[in-house]
Amino acid sequence: NANFVVAKGTLPPNTEDMENNNDLLARYQWNEHSMGGTHQISFTLEEATTVNLGFVASFGSHTWMHVNWVKLKRIADSY
């Protein structure tokens, strides 16, 4: 269970609290069918807000995850 998340506040959510967390702005969940390649998540902020970006995961034995890079883009007033 591996997730890349964007959430309001300074701490990421717990893995058990993903489904019902009102502070979660965006989430990408990896599974055995979505490993590899490039993945994208989007979120919108209506006002200045403290957010955190991070990886939230729970692994069993002999499990690993490798992230090459994360790119954050600001798209403002592009409508």
Side-chain angles (χ1 to χ4, degrees):
N1 184 5
N3 302 274
F4 181 71
V5 298
V6 179
K8 292 179 186 176
T10 57
L11 297 173
N14 293 322
T15 54
E16 303 84 27
D17 191 30
M18 292 285 183
E19 301 301 324
N20 300 313
N21 191 318
N22 293 330
D23 291 334
L24 195 63
L25 299 171
R27 171 186 179 196
Y28 183 84
Q29 184 176 21
W30 283 278
N31 60 38
E32 65 273 10
H33 304 293
S34 63
M35 292 302 218
T38 300
H39 307 284
Q40 177 178 316
I41 60 174
S42 298
F43 62 96
T44 302
L45 300 174
E46 300 297 328
E47 59 190 13
T49 306
T50 299
V51 299
N52 70 80
L53 307 153
F55 298 94
V56 179
S58 60
F59 293 118
S61 61
H62 307 291
T63 306
W64 60 274
M65 182 175 87
H66 179 90
V67 176
N68 289 328
W69 52 272
V70 173
K71 183 177 184 180
L72 182 61
K73 293 170 51 175
R74 178 179 179 219
I75 303 172
D77 304 321
S78 62
Y79 303 77

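Values reported hereafter were calculated over all heavy atoms of this structure, with side chains retained and with hydrogens, waters and symmetry mates removed. If you read the sequence from its start, that first residue is 1, and numbering goes on from there.
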Exercise. Does Asn20 have any side chain to side chain donor-acceptor pair (under 3.5 Å) partners at least two apart in sequence or in another chain, and if so, which?
Worked result: none

Seminar exercise, completed: Applying side chain to side chain donor-acceptor pair (under 3.5 Å) to Glu19 and not counting sequence neighbours gives Arg27

For this session: Could you list the residues that satisfy side chain to side chain donor-acceptor pair (under 3.5 Å) with Asn21, not counting sequence neighbours?
Result: Asp17

Seminar exercise, completed: When every non-hydrogen atom of Pro13 is compared with those of Val56, the smallest separation belongs to O-CG1, 3.4 Å

Exercise. Under the ring pair (Phe, Tyr, Trp, His ring centres under 6.0 Å) rule, what pairs show up with a residue in residues 2-27, not counting sequence neighbours?
Worked result: Phe4-Phe55

Seminar exercise, completed: What one should report as the nearest heavy-atom pair of Met18 and Val5 is CE-CG1, 3.7 Å

Exercise. In terms of hydrophobic clustering (I, L, V, M, F, W, Y; side-chain heavy atoms under 4.5 Å; direct or indirect links), are Val70 and Leu72 co-clustered?
Worked result: yes

For this session: Identify whether Tyr28 and Leu53 are in the same connected component of the hydrophobic contact network (ILVMFWY, side-chain heavy atoms under 4.5 Å).
Result: yes

For this session: Compare every heavy atom of Ala26 with every heavy atom of Ile41, then report the nearest pair and how far apart it is.
Result: CD1-CB, 3.9 Å

Exercise. How many angstroms lie between CD in Gln40 and OG1 in Thr38, if you round to the nearest 0.5 Å?
Worked result: 9.5 Å

Seminar exercise, completed: Rounded to the nearest 0.5 Å, the CG atom of Asn3 sits from the CH2 atom of Trp30 at a distance of 8.0 Å

For this session: Using the test side chain to side chain contact (heavy atoms under 4.5 Å, CB included), find all partners of Leu45 that sit at least two apart in sequence or belong to another chain.
Result: Leu25, Phe43, Thr49, Val51

Exercise. Sequence neighbours excluded, which residues qualify as side chain to side chain contact (heavy atoms under 4.5 Å, CB included) partners of Asn52?
Worked result: Ala7, Pro12

